[in-house]
Protein chains: 2
Amino acid sequence: MDLFERLSPPPRILMGPGPITVYPRVLQAMGNQLIGQYDPVMTGYMNQTMALYREIFKTNNDATVLVDGTARAGIEAVLVSLIEPGDKVLVPVFGRFGHLLAEISERAGADVVTFEVEWGTVVTDAMLEKQIIRHKPKLLALVQGDTSTTMLQPLEGAGELCKKHGVLFYSDATASIVGNSFETDKWQLDAVSVGLQKCLGGPSGSAPVTLSEQAVERIRQRKHVEAGIRTDSHQAGQRSRIRSNYFDLGMILDYWGEERLNHHTEATSMLFAARECAQLNLQEGLDNVIDRHKRAGDALAAGLRALGLSLFGDLSHKMNNVVGVVIPSYVDGEAVRQAMLTQFNIEIGTSFGPLHGKIWRIGTMGYNARLDTVLLTLVALEALLVQSGGSIKQGAAYQAAVERYDVGE
Amino acid sequence: MDLFERLSPPPRILMGPGPITVYPRVLQAMGNQLIGQYDPVMTGYMNQTMALYREIFKTNNDATVLVDGTARAGIEAVLVSLIEPGDKVLVPVFGRFGHLLAEISERAGADVVTFEVEWGTVVTDAMLEKQIIRHKPKLLALVQGDTSTTMLQPLEGAGELCKKHGVLFYSDATASIVGNSFETDKWQLDAVSVGLQKCLGGPSGSAPVTLSEQAVERIRQRKHVEAGIRTDSHQAGQRSRIRSNYFDLGMILDYWGEERLNHHTEATSMLFAARECAQLNLQEGLDNVIDRHKRAGDALAAGLRALGLSLFGDLSHKMNNVVGVVIPSYVDGEAVRQAMLTQFNIEIGTSFGPLHGKIWRIGTMGYNARLDTVLLTLVALEALLVQSGGSIKQGAAYQAAVERYDVGE
């Protein structure tokens, strides 16, 4: 191992479930030199970033900030800040990330109730209401897009039900945001967290989060200012202190707010990336971005079918930006993935849990939600399937994808 | 507020207590396009990064990884992973960051014992042993360099004491590493965490951590694999589950280890930055880097004295890379800081807690541990002090700094 090897990553085309190839403008943004954390230019960038993510999330929530960590850090920040030990939390599970919300909630001390539906399907409003009535949770934690199954969970009905029954409503929209519709305020969400490394088109390492007034009020009741920077004007909240310092969203809000109370040192390069991601997507227009994801995803699906491959799950609920492909019996799934990577520089994904070894996952996200990347993936896959003895109509995948993409226009 | 303003940070010279101006090579590293998290090139970079930080930390610990978050994330990962609720933790406090270790330990459920010495001094071995004997803690958590006071806590004696009394020994060396000596194995440390944004010369957002075999064993007893990726071969540990998922160092080790068990999605751009920081420092040579910090720090101190300014604290225990300057009574400290920033593009720091408004903090760290940055800072400060009515011998600071810097050679 040469420790001093010069950094020179190969030019992969990342067509997996994420992370994906980053928009060049985002890489350029990260190349900018740092400024201090309380520099007025920096606090100006922070305020812009809050405003930009309000538009990404479609919300008027003041409390819209970045958590410095990966998407999972955003999830944990929301859950540990909202959950007090003993609180009942309802987590519907339709894939791996439901399990994750449940386990993070458990570690935060929640009394977690889960119910699972078959991987490849989503949860209905009727199922949800039954469970809400039965368990009377304080919080519903529901994934929007679960890349492990490619499913997109409808949230609108869940928001209605939560309001009706007085339940706080949180969604992790990391895998789905800007590739599919998302409406924080219209769908009556109290908390949402995402990451940059899917359709937003940035690197992993920053987690935008938004909180409703009600969620903020709950967090404020658990306020605690650190010794060492605490003054007489700081009063502690009435309720139990949040179990994490790093993920205490009250403290994070005070750092992003007018008091600019010191907490962590903002990860400036990641903030530059997050800000640029939001600008890029809003400048293209969210409707256009979602449409581009839909057209790329549909073209890919059409091409895969033309290769004679079956797609996984309830396609009426598939995310635009990722598809599960049943690995045909005549190939070694891992050997094909390896050849895609080493011979074509194209990365496609494997799977977790019950789907491990059964499906590939192919993503069309952010910068790579384009026709050319779809076509390259299809013709490369065609070559490898033919090589493995697949009987495939030559050129059909190309034609199907091009036709499907154009229909979208 | 123009949300679509093009990113264009002003060319600040960051001479505060951190974050500091980043090495240009590190910015260039972050401009590289992503690759997938299980790409063999990526896992190769991860293995290199582990090996590079073993050299930075001066350790043979296998368990040397990055936590994806700021320095504070590294602190919390170590503490929440090592502390079981009810464990007694001893935290000597000689500045703000001792309070921070205490508060993070409390939130992790520890029974925390603190003892405080006057800000501007450090803790003696005799004080430490008395407290260890009295309280019999499981863990000693001790900051090495506390930027709030500029003090550098000696750790060698503490390591001896911990071994003698069977106490786990953790230090946060974020502010001091590579600007001052640090010896993980020689000083018998069980856990160390740092950040990039001080002398390592990178941006905030990645926290290198190293753990001794004994610390790893303790963490392994609390092992837990997530539902959704758990298989029959995964056995749960005997002891209480770690209270955080994101900061569960057992899971983070499994992600960095041979099994490559999925946890978070590695923050690739920050890993590129962390890797480049380590390469840069090791290529210069750790002894040379520390010497450069010492010469720059000494030159700055000599120049400040020649400006008629008093330096804060017990200077025999000052970190090489930051100095506290008593704000002279004839100036408005904040007005001078503002003028340094707006007229000269030089940032110097303010203070926290009992020192707020009393001292400035000036850093010479990483890329900015150079004679030219020291001289620019001194002549700018001289101009502003003279403007405020200070009686200063013209050119004395320049001369004192140059002479002191050259002595170092």
Side-chain angles (χ1 to χ4, degrees), chain A residues 1 3-5 7 9-10 12 14 16 18-19 21-22 27-37 39 41 47-48 51-52 68-70 72-73 76 96 99-100 103-104 107 197 203-205 226-229 241 243-246 264-270 272 276 279 283 347 352-353, chain B residues 1 3-5 7 9-10 12 14 16 18-19 21-22 27-37 39 41 47-48 51-52 68-70 72-73 76 96 99-100 103-104 107 197 203-205 226-229 241 243-246 264-270 272 276 279 283 347 352-353:
Chain A
M1 186 161 61
L3 295 193
F4 297 99
E5 181 192 349
L7 187 66
R12 306 297 197 209
L14 299 181
T21 308
V22 166
L27 296 176
Q28 290 156 16
M30 283 190 290
N32 278 276
Q33 188 50 268
L34 299 204
I35 49 181
Q37 59 178 329
D39 192 310
V41 179
N47 290 340
Q48 287 169 356
L52 287 162
D68 284 1
T70 72
R72 180 179 290 235
E76 187 158 322
R96 186 207 162 180
H99 284 301
L100 181 65
E103 110 113 34
I104 294 175
R107 296 205 194 204
Q197 75 273 19
S204 172
E226 283 169 35
I229 60 170
R241 181 154 58 153
R243 277 191 174 184
S244 168
N245 172 296
Y246 192 71
H264 62 287
T265 298
E266 185 57 18
T268 311
S269 306
M270 288 307 309
F272 288 172
E276 202 77 16
Q279 283 190 344
Q283 283 171 327
E347 183 180 270
F352 297 115
Chain B
M1 185 163 61
L3 295 193
F4 297 98
E5 182 191 347
L7 187 68
R12 307 297 197 209
L14 300 181
T21 309
V22 167
L27 296 175
Q28 289 155 18
M30 284 190 290
N32 277 277
Q33 186 52 267
L34 300 205
I35 50 180
Q37 59 178 327
D39 192 311
V41 179
N47 289 341
Q48 286 169 357
L52 288 162
D68 284 0
T70 72
R72 180 178 289 236
E76 187 158 323
R96 188 208 160 181
H99 285 302
L100 181 65
E103 109 112 38
I104 294 176
R107 295 203 195 207
Q197 76 272 18
S204 172
E226 282 168 35
I229 59 170
R241 182 153 59 153
R243 276 190 175 185
S244 167
N245 172 295
Y246 192 71
H264 62 286
T265 298
E266 185 57 18
T268 310
S269 306
M270 288 307 308
F272 288 171
E276 202 77 17
Q279 283 191 343
Q283 283 171 327
E347 182 180 271
F352 298 115

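The figures here come from the full heavy-atom set of this structure, side chains too, leaving out hydrogens, waters and symmetry mates. It should be emphasised that the depicted structure is a prediction, and the values quoted were computed from it without experimental measurement. Residue numbers start from 1 in every chain, and the chains themselves are labelled A, B, ... in the order their sequence lines are given, proteins ahead of strands.
If you measure heavy-atom distances from A:L14 to chain B, the contacts under 4.5 Å come from the side chain alone. Heavy-atom distances place the side chain of A:M1, and not its backbone, under 4.5 Å from chain B. If you measure heavy-atom distances from A:Q279 to chain B, the contacts under 4.5 Å come from both the backbone and the side chain. Looking at A:Q283, both its backbone and its side chain come within 4.5 Å of chain B, counting heavy atoms on both sides. Looking at A:E76, the atoms closer than 4.5 Å to chain B (heavy atoms on both sides) all sit in the side chain, from C-beta outward.
Applying the salt bridge (Lys or Arg N to Asp or Glu O under 4.0 Å) test to A:R12 and every residue at least two apart in sequence or in another chain returns B:D39. Every residue two or more places apart in sequence or in another chain was checked for a side-chain hydrogen bond (donor to acceptor under 3.5 Å, both in side chains) with A:R243, and none qualifies.
Between A:L34 and B:P203, the closest side-chain pair of non-hydrogen atoms falls below 4.5 Å. Two residues are said to be in side-chain contact when any heavy atoms from C-beta on lie closer than 4.5 Å; A:T70 and B:Y246 meet this criterion.
Top candidate by heavy-atom pairs under 4.5 Å with chain B, chosen from A:T268, A:V41, A:T265, is A:T265. Ranked by heavy-atom pairs under 4.5 Å with chain A, the list B:A51, B:A73, B:G69, B:G205 is led by B:A73. Contact count against chain B (heavy-atom pairs under 4.5 Å) is highest for A:P9 among A:G31, A:G18, A:P9. Chain B forms more heavy-atom pairs under 4.5 Å with one residue of A:E276, A:R72, A:Q197 than with any other, namely A:R72. Across B:Q28, B:Q37, B:H264, B:M270, the residue that shares the most heavy-atom pairs under 4.5 angstrom with chain A is B:H264. Interface summary for chain A: among B:N245, B:N47, B:L27, the most heavy-atom pairs under 4.5 angstrom belong to B:N245. Comparing B:E347, B:M30, B:R241, B:E266 by how many heavy-atom pairs each has under 4.5 Å with chain A, the most go to B:R241.
Panel note: side chain A:Q33, backbone B:V22; a donor-acceptor pair is recorded below 3.5 Å.
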